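Working notes, beginning with the structure itself.
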Protein chains: 2
Amino acid sequence: MSGSRQIGKTARNGRDQASDTRFGKTAGNRLDAIYRSISEAIIQHRLRPGARLREDALAEVFGVSRTGIRKVLQRLALEQLITLTPRRGASVTRPSADEAREVFEARLVVECALMEAAATRITEADISELRDMVKREHEALRNREQRIAIKLSASFHARLADISGNRTLAGFVNQLASRSSLILAVYGNAGNLGCESHDHKNLIDLLAAGDGAKAGDFMARHLKSIEASLSIFEEPEETPDLRELFAVDALSSN
Amino acid sequence: MSGSRQIGKTARNGRDQASDTRFGKTAGNRLDAIYRSISEAIIQHRLRPGARLREDALAEVFGVSRTGIRKVLQRLALEQLITLTPRRGASVTRPSADEAREVFEARLVVECALMEAAATRITEADISELRDMVKREHEALRNREQRIAIKLSASFHARLADISGNRTLAGFVNQLASRSSLILAVYGNAGNLGCESHDHKNLIDLLAAGDGAKAGDFMARHLKSIEASLSIFEEPEETPDLRELFAVDALSSN
DNA sequence: TCGTCCACCATTGTATACGTCGTTTGTGCA
DNA sequence: TGCACAAACGACGTATACAATGGTGGACGA
């Protein structure tokens, strides 16, 4: 037996990740709002991978100076949501196929391990909140509001990690879930947005029953099925893509 | 069975974490060097938890402007090595007891899971490099150079994670190992620097034999023994401590 | 003599200006 | 007509200047 490491013996509940006092933000609430705004836009695929994020434009839009924007961009870069190229500026990260596999491997390790603790520590309030999130996810799907559904799905996983009580690991999951959204944007097939909300419902039931082991197993299947639904292979490069496009034009116009 | 999730099926080797092109650093090699310099100073306990890091002073020491220093400090803050207090500046993080437990829980989850992949992917070159690190760690301990030993110990764990081939998880381990050094500084007992280098030697042997399961179990024991060797309880809190002190004063003065 | 209040100073937060580099476009030559 | 080089423009990197805030020390009053 090389697995089944138990966690979640700490006493704190750690559910206030939103207002982490650890960052410099005097009136930084402003910057934090900008961060969340851009982050959400990326997660919701309103900003597609490869999209350029010019500092001047962002500074003007949000009504702050480039200094503040740069701080936000640096944070986003550290979380791998955007890529900072030396003299080229920022662009939404286009995850490589390897990166995609890594992220799902990491989620498999971390999120499954957290289920044990989550099953122990979950409260009635948590359960109803999670059920509400699933309900809203269903509604968004019915209304074809995929962007909202994607955001809710990522939030669901992050929330689940919060419940486990380990802020550090929850932070990792939060980051991994965000990057997963990026991966879906690149390697996902149309109409398939990754998480089956039915899976999420099952997950809640298992946790509510206090069965952490089964919840962990189910989470593993859940994540593997998401990864299996993707088409993870190295896409055509940027420039080759343009050349191919030119070739098609040449054929059709001839 | 709720554990034993296998990882490490990716094909890339991912051992070049040092030069991550993801950050903005034109002549940012300079800034990166500053980052490593401060980071190492913290890991080696040359900068103790609570130490203030004034921007002007750092700017002068490293010969750059405050702008660059602020960038470095922000990165260190995101990795939780330093704490940025709004108008007070930066100081080396003093991990709370809960934080300490969280970090070791997280390491238990992540590092054990990585052993399976590491055992599969480890090469002869890796093995000799790791053995060399252990040797140098031994030497440092013999020479009472605890600072070097601490740094080598953290590097050993980070290197081990690199071998597993998952850069994302390796990055997590790197961060967790750094924070562990901080935890040792606060909750460690004198003369005990955490890792027994004998443990590290055993770990290499198990990996060299390709026994990932045993290596994972051994890593679990290793981490637990480190945590057990600490005195993790709420130390001198800032405000609570003062209040307690006041209470004692009031009693003794009456 | 002690407590309180005010003013100054130290330090960080924010913005702006300038230098450097990449990109793109235009022109000239083969 | 196609390619290559160069110049101009635009965007980022860095530094510096100014503004805001909190802490500290001194002075005044009770």
Side-chain angles (χ1 to χ4, degrees), chain A residues 20-35 38 47 50-78 82-93 237-239 241-243 246-247 249-250 253-254, chain B residues 19-35 37-38 47 50-78 81-93 238-239 242 246 249-250 253:
Chain A
D20 194 332
T21 180
R22 204 171 287 278
F23 296 113
K25 47 181 175 185
T26 306
N29 289 333
R30 177 68 57 93
L31 292 188
D32 209 53
I34 296 174
Y35 162 79
I38 299 178
L47 285 171
R52 299 282 293 270
L53 297 169
R54 288 189 307 104
E55 296 179 355
D56 282 339
L58 292 173
E60 192 177 2
V61 166
F62 289 105
V64 295
S65 174
R66 275 181 53 214
T67 310
I69 294 296
R70 289 178 66 80
K71 194 188 279 189
V72 171
L73 290 181
Q74 208 205 357
R75 181 171 169 191
L76 288 166
L78 282 167
I82 67 174
T83 301
L84 258 39
T85 312
R87 294 275 177 179
R88 296 284 311 280
S91 60
V92 178
T93 298
E237 303 298 320
E238 344 279 291
T239 35
D241 197 37
L242 290 181
R243 293 185 183 283
F246 280 136
D249 273 359
S253 64
N254 281 351
Chain B
S19 66
D20 195 331
T21 179
R22 206 170 284 278
F23 296 112
K25 47 180 173 184
T26 306
N29 289 334
R30 176 68 57 93
L31 291 189
D32 209 53
I34 296 173
Y35 162 79
S37 194
I38 298 178
L47 286 170
R52 297 281 294 271
L53 296 169
R54 288 190 307 106
E55 295 179 355
D56 280 338
L58 291 172
E60 192 177 1
V61 166
F62 290 106
V64 296
S65 175
R66 277 182 50 215
T67 308
I69 295 297
R70 290 179 65 81
K71 194 188 279 192
V72 171
L73 290 181
Q74 209 205 356
R75 180 170 169 192
L76 288 166
L78 283 167
L81 287 183
I82 68 174
T83 301
L84 257 39
T85 313
R87 293 276 174 179
R88 295 286 309 279
S91 60
V92 178
T93 298
E238 339 280 294
T239 37
L242 290 181
F246 280 136
D249 273 359
S253 64

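Quick caveat: nothing in here was measured; it's all calculated off a predicted structure. Just so we're on the same page: letters track the sequence lines, and every chain starts at 1.
Here the closest heavy-atom approach between residue B:R52 and residue B:R88 is recorded as NH2-O, 3.1 Å.
The side chain of B:R88 lies closest to D:dG23 when the candidates are D:dG23, D:dT14, D:dA11. In this structure, the nucleotide among C:dT14, C:dT11, D:dT14 sitting nearest to the side chain of B:R54 is C:dT11.
Summarising the geometry, the separation between CZ on A:F62 and C1' on C:dA15 is reported as 18 Å, rounded to the nearest angstrom. Remark: C1' of D:dT21 and CG of B:L84 are 16 Å apart, rounded to the nearest angstrom. Between the CZ atom of A:R30 and the C1' atom of C:dA15 there is a distance of 14 Å, rounded to whole Å. Taking atom CZ on A:R70 and atom C1' on C:dA15, their separation rounds to 13 Å, with Å as the unit. Between A:L58 atom CG and C:dA15 atom P there is a gap of 14 Å when expressed in whole angstrom units. As a whole-Å value, the separation of A:L31 CG from C:dT12 P is 17 Å. If you measure from atom CG of B:D32 to atom C1' of D:dG13, you get 15 Å, rounded to the nearest angstrom. A:I69 places its CD1 atom 15 Å from the C1' atom of D:dA11, with the value rounded to the nearest Å.
For the OP1/OP2 pair of D:dC12 and a distance below 4.0 Å, the side-chain nitrogens and oxygens of A:R87 include no atom meeting the criterion. Between A:K71 and C:dG13 there is no side-chain N or O to OP1 or OP2 distance below 4.0 Å.
Toward the 5′ end of DNA chain D lies the nearest nucleotide of A:E55, the other residue of the pair A:T67 and A:E55 mapping further downstream. In this structure, B:D56 and A:S65 both approach DNA chain C, and ranking their closest nucleotides by distance from the 5' end singles out B:D56.
Under the 3.5 Å distance criterion, the side-chain polar atoms of A:S91 are left unmatched by any main-chain donor or acceptor of A:G50.
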Full working for side chain to side chain contact (heavy atoms under 4.5 Å, CB included) between A:D32 and A:R75: CA-CA 10 Å; A:D32 209 53; A:R75 181 171 169 191; 3.1 Å; yes
Distance-only criterion, 3.5 Å: show the donor-acceptor pairs between side-chain atoms of residues 57-69 of chain B and protein atoms not counting sequence neighbours.
unit_1 : atom_1 : unit_2 : atom_2 : d
B:R66  : NE     : B:E55  : OE1    : 2.9
B:R66  : NH2    : B:E55  : OE1    : 3.1

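Here the CD1-CD1 distance, from B:I82 to B:I38, works out to 7.5 Å after rounding to the nearest 0.5 Å.
Here A:R66 lies in heavy-atom contact (under 4.0 Å) with a base.
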